2 protein chains.
Amino acid sequence: MTERRDLAAMLQPLVKSLIAAELRVLEEHGISMWSYVVLSALDDSPIRTQAALAEAIGADKTRIISTLDRLQEAGLISREPDPEDRRARLLAITQDGRSARRAAQADIRANEERVLAALSAADRQAFLRAAQALSAMPHEEIVG
Amino acid sequence: MTERRDLAAMLQPLVKSLIAAELRVLEEHGISMWSYVVLSALDDSPIRTQAALAEAIGADKTRIISTLDRLQEAGLISREPDPEDRRARLLAITQDGRSARRAAQADIRANEERVLAALSAADRQAFLRAAQALSAMPHEEIVG
DNA sequence: TATTGTTATACTCTATAACTATA
DNA sequence: TATAGTTATAGAGTATAACAATA
């Protein structure tokens with residue numbers, strides 16, 4: 001049997017630290033974690049309903065409302081009733097929102113690069129490749 | 001710039017799935033996550049105070065009390081006042097506790113091996129080596 | 001007075017249920 | 001009546017503060 005600690009027990013503190021690092025950077029940019037997640041989702045493409053956005057980022061629809069309020073207030077997203085179905089809210093990132101998100105992301109990635117520098121070039125590549133492969137596995141396949 | 005998603009955003013869902021998998025296994029063994037963490041800490045060596053145990057597993061001292069109650073009730077740990085300082089509680093795993101912990105750990109690792117089988121042998125090795133190296137970094141060094 | 005463990009309280013985050021408006 | 005969004009409420013998990021026992 002391979003002698004190692006449980007994978008989850010090993011990775012969880014690492015992820016916790018990475019999230020703490022991300023929160024520090026985001027705080028410098030005046031953005032909350034949920035705001036960053038929303039901006040990142042909308043930077044890929046606009047979304048037609050708040051429920052769809054919540055679904056896309058794995059959040060409850062009731063939980064993102066105050067975040068959307070603040071983002072709209074700050075002019076980082078637009079949020080208008082769909083003329084064709086005025087129950088729905090068309091969501092899109094603004095130019096300011098895009099700038100804010102990308103500036104924050106650049107700082108986050110710079111810090112992650114600094115951390116990854118602890119690895120050899122070969123291990124770094126393999127680690128990222130493996131992490132990508134594992135995180136692409138369906139939740140059910142991992143849970144079994 | 002390397003084209004990849006944020007590291008934390010990539011790893012967090014993976015860890016979440018791994019924890020869900022672990023919880024499923026632990027449930028089959030009738031052990032909670034906190035109980036498993038406590039048993040794992042005590043399987044390495046006994047601990048002289050509850051505060052030290054809490055510190056060791058990164059928990060609040062008030063938060064492990066009900067867990068210790070249940071473990072003691074189930075006969076998986078021993079917990080006696082230190083004769084030399086009766087404020088302190090000497091904590092140790094019992095033979096039953098050790099059996100329970102190791103049985104659970106074997107199943108957890110078996111599932112993790114199944115997940116890791118998605119990787120090539122080389123990537124699997126490099127991933128584990130890198131994960132170990134990164135998780136050994138001090139929290140402050142990652143946060144920056 | 002200081003320390004260990006415990007209990008009581010408050011706070012944060014999240015999920016559930018009820019409500020408004022549009023369809 | 002059904003759906004999108006919102007607000008109000010309740011629940012779980014955690015941290016903080018007060019307390020009891022021992023030193």
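What you are looking at is a predicted structure, and each value in this text was computed from that prediction instead of being measured.
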### Summary
Comparing nearest nucleotides in DNA chain C, the 5'-proximal residue of the pair A:Ala59, B:Thr62 is B:Thr62

### Query
Out of C:dT6, C:dA23, C:dA15, which has the shortest distance to the side chain of B:Arg89?
C:dT6

### Query
Given D:dT22, D:dT7, C:dA23, which nucleotide is nearest the side-chain atoms of B:Arg86?
D:dT22

### Distance in angstrom units between A:Ile57 CD1 and C:dT14 C1', rounded
14 Å

### Query
Do the side-chain N or O atoms of A:Arg48 get closer than 4.0 angstrom to the phosphate oxygens (OP1, OP2) of D:dG5?
no

### Task
Specify the separation, in whole Å, of atom CE of A:Met33 and atom C1' of C:dT12.
16 Å

### Query
Between A:Asp82 and B:Asp69, which has a closest nucleotide on DNA chain C that is more 5'?
B:Asp69

### Task
Output the single nucleotide from D:dT16, D:dA4, C:dG5 whose closest atom is nearest the side chain of A:Thr49.
D:dA4

#### Entry: Cluster link B:Phe127 to A:Met10, ILVMFWY, side chain under 4.5 Å
yes

### Query
Separation of A:Asp60 atom CG from D:dA8 atom C1', in whole Å?
14 Å

### Message
Whether B:Arg63 contacts C:dG5 is assessed here as follows: a side-chain N or O lying under 4.0 Å from the phosphate OP1 or OP2. Is that the case?
### Response
no

### Query
Just checking B:Asp85: base, sugar-phosphate only, or nothing, at a heavy-atom cut-off of under 4.0 Å?
sugar-phosphate

### Summary
Per atom distances to the B:Arg87 side chain, the nearest of C:dT3, C:dA15, C:dG5 is C:dT3

### Task
Decide yes or no on salt bridge (charged side-chain N to carboxylate O under 4.0 Å, His left out) for B:Glu113 and B:Arg109, but give the supporting numbers first.
CA-CA 6 Å; B:Glu113 291 296 334; B:Arg109 287 192 178 176; over 6 Å; no

### Query
Do the side chains of A:Leu90 and A:Val38 join up, straight or via other hydrophobic residues, at under 4.5 Å, putting them in one cluster?
no

### Message
Can you tell me if B:Trp34 touches the phosphate of D:dT14, counting only side-chain N or O atoms and a distance under 4.0 Å to OP1 or OP2?
### Response
yes

### Task
Check the side chains of B:Thr94 and B:Asp96 for a donor-acceptor pair under 3.5 angstrom, ignoring hydrogens and angles.
no

### Query
To the nearest angstrom, how far is B:Leu90 atom CG from D:dT22 atom P?
15 Å

### Message
Please report the distance, rounded to the nearest Å, between NZ in B:Lys61 and P in D:dA15.
### Response
13 Å

#### Entry: Whole-Å distance separating the CD atom of A:Glu80 from the C1' atom of C:dA21
18 Å

### Query
For A:Glu84 and C:dT22, what is the distance between atoms CD and P respectively, to the nearest whole Å?
17 Å

### Query
Can you list the steps and then say if B:Gln12 with A:Leu18 is a side-chain contact (heavy atoms from CB on, under 4.5 Å)?
CA-CA 10 Å; B:Gln12 197 185 22; A:Leu18 287 171; over 6 Å; no

### Summary
B:Leu53 CG to C:dT6 C1', in whole Å, measures 15 Å

### Query
With respect to the side chain of A:Ala88, which nucleotide from D:dA4, C:dT6, D:dT14 is positioned closest?
D:dA4

